[in-house]
Each structure stands twice: as structure tokens, then as C-alpha cells.
Amino acid sequence: MMPQNQSNQTSIEQLFSMGWISHSDKDETFDATASVTRSELAQVLGKAFKLHQRTTAENPAIFIQDMTSDRPDYAAIQIALKTGTMTVDNQGRFFPDRPVTRAEGLAIFAQAYGVFQLSEDAVTELLKAHPDALDIPDWAKQAMATALQEGFVNTDTNQAIRPLEPMTRADLAYALIQYLEKQQNPAFV
């Protein structure tokens, strides 16, 4: 979990002011423990990474079996799909309201950022410091290695990634704060 110190609170407020994340409910609080859905992830990453500005965002619409175009999140999801940041399953379903695991969410975050084409040995080396790295699905290992290398993953005191746990809004905020730091200070490690 992300420590709740003054620095992080200020950073979260900055994420609000930039429009990257929104409050959890009507009383304008940030529920750090709430799970992130596929829809929320598409919307947040679209804003943070300006996916609408990528040339692939102009690609034709992708048919989504389990959504209609009248949903408020439809445009953001289409952009995430057209840019290849997210995908539908083999039956064309997006599952917009399904919570993402940390592996899925961080892999998608890395996809929006740009997954490094690391060698298998480099991926193994990056993951070996984490006791639960074997729990990372094979399809997510390359992207997770990128996310770890770039500092987007908040691990616990034992360096556990917790890839199969639900991604929380705190996890997403942590990754966004780290990304924002990199944008403001390219030498940030």
C-alpha cells in the first residue's frame, strides 16, 4: 500500500487537479482501497498518456460485444482498444465493470507507457527479487518487468508484487505519481 504521508497526499491532489483520477463518490473522497475496473483503467490511462493523440486512436472502432455506444465511458474504452493499450477477449467482450488484478492493471499501465522488449534473462533478473514473481501470468511478465524497472509497482516490505490481488485505486495512484515524477524530472529513478 502507498504510505499516506503529506507528499503522497499532495501528489494525489495533483492527480485530481490534472483530471487523471476522480473522487470515489459524492462526498469527494478518495477511496484508496476501492478496486479499479477495466473501464476506470481505460479512462485514467487515456487521460494520463493522452492516448487520443496517438495515431492509432484514429483506427476504425472495435466492436465490443458487452457494451453499447451510449455508455459514458465508451469513447475512452474505444481509444484504449484502438491504441492496443487494452483488448477484448476472443468473443469481443471487454468486461468494463470487472475489477483488474494488479498483474493485469500494471501490465496495461506498462502497455500505455511502452513495454520494453527485454530479453528473457533480463525479465528473469528483474523478477527474481520478488518472492511472488512466479504468480505473475506468463502474458504479463514482460510488461510487469517494465513496470518494475520504471518504478511503477508499489511492493510491500518483502518486495512482494501481489500480482493476483485486485488493483486498488492506491496502486493506480502510486503508478501515476511515479509516472508524473518521471515526466517532471526525466532523471528521476
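Remember, it's a predicted structure, so these values are computed and weren't measured experimentally. All values below come from the heavy atoms of this structure, side chains included, with hydrogens, waters and symmetry mates left out.
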**Report entry** Residues in side chain to side chain donor-acceptor pair (under 3.5 Å) contact with Q149, at least two apart in sequence or another chain
**Finding:** none
Query raised in the report: Partners of Y74 by ring-ring contact (aromatic ring centres under 6.0 Å, His included), sequence neighbours excluded?
Result: none
Report task. Keeping to residues at least two apart or across chains, list the ring pair (Phe, Tyr, Trp, His ring centres under 6.0 Å) pairs with something in residues 115-135. Result -> none
Query raised in the report: Tell me, do P96 and T37 make a side-chain contact under 4.5 Å, heavy atoms counted?
Result: no
**Report entry** Min side-chain heavy-atom separation E165-D135 under 4.5 Å
**Finding:** no
Report task. Just grab all the side-chain hydrogen bond (donor to acceptor under 3.5 Å, both in side chains) pairs involving residues 53-65, residues at least two apart or on different chains. Result -> none
Requested in this report: Just jot down the side chain to side chain donor-acceptor pair (under 3.5 Å) partners of N90, sequence neighbours excluded, or say none.
Outcome: none
**Report entry** Sub-4.5 Å side-chain heavy-atom contact between Q178 and N154
**Finding:** no
Query raised in the report: Are V123 and L126 close enough that some pair of their side-chain heavy atoms sits under 4.5 Å apart?
Result: no
Query - Counterpart residues, salt bridge (charged side-chain N to carboxylate O under 4.0 Å, His left out), relative to D97 (two or more places apart) - result: R71
Query - Residue pairs fulfilling ring pair (Phe, Tyr, Trp, His ring centres under 6.0 Å) with at least one residue in residues 42-66, sequence neighbours excluded - result: F49-F109, F49-Y179
Report task. Can you sort out the partners of Q111 under side chain to side chain contact (heavy atoms under 4.5 Å, CB included), two or more places apart, ordered by chain and number? Result -> V115
Query - Set of salt bridge (charged side-chain N to carboxylate O under 4.0 Å, His left out) partners for D138, sequence neighbours left out - result: K141
Report summary line: Distance col, row T83:OG1 vs L51:CG, nearest 0.5 angstrom, shows 4.5 Å
Requested in this report: Check salt bridge (charged side-chain N to carboxylate O under 4.0 Å, His left out) between D89 and all other residues, then give those that pass, not counting sequence neighbours.
Outcome: R93
Report summary line: salt bridge (charged side-chain N to carboxylate O under 4.0 Å, His left out) filter on E104, not counting sequence neighbours, yields R38, R98
Report task. Please list all pairs passing the side-chain hydrogen bond (donor to acceptor under 3.5 Å, both in side chains) test where one or both residues lie in residues 113-122, with sequence neighbours left out. Result -> Y113-E150
Query raised in the report: Should V36 and L180 be regarded as members of a common hydrophobic cluster, given that ILVMFWY residues are connected when their side-chain heavy atoms come within less than 4.5 Å of each other, either directly or indirectly?
Result: yes
Report task. Using only heavy-atom distances, determine whether the side chains of Q142 and T146 contain a donor-acceptor pair under 3.5 Å. Result -> no
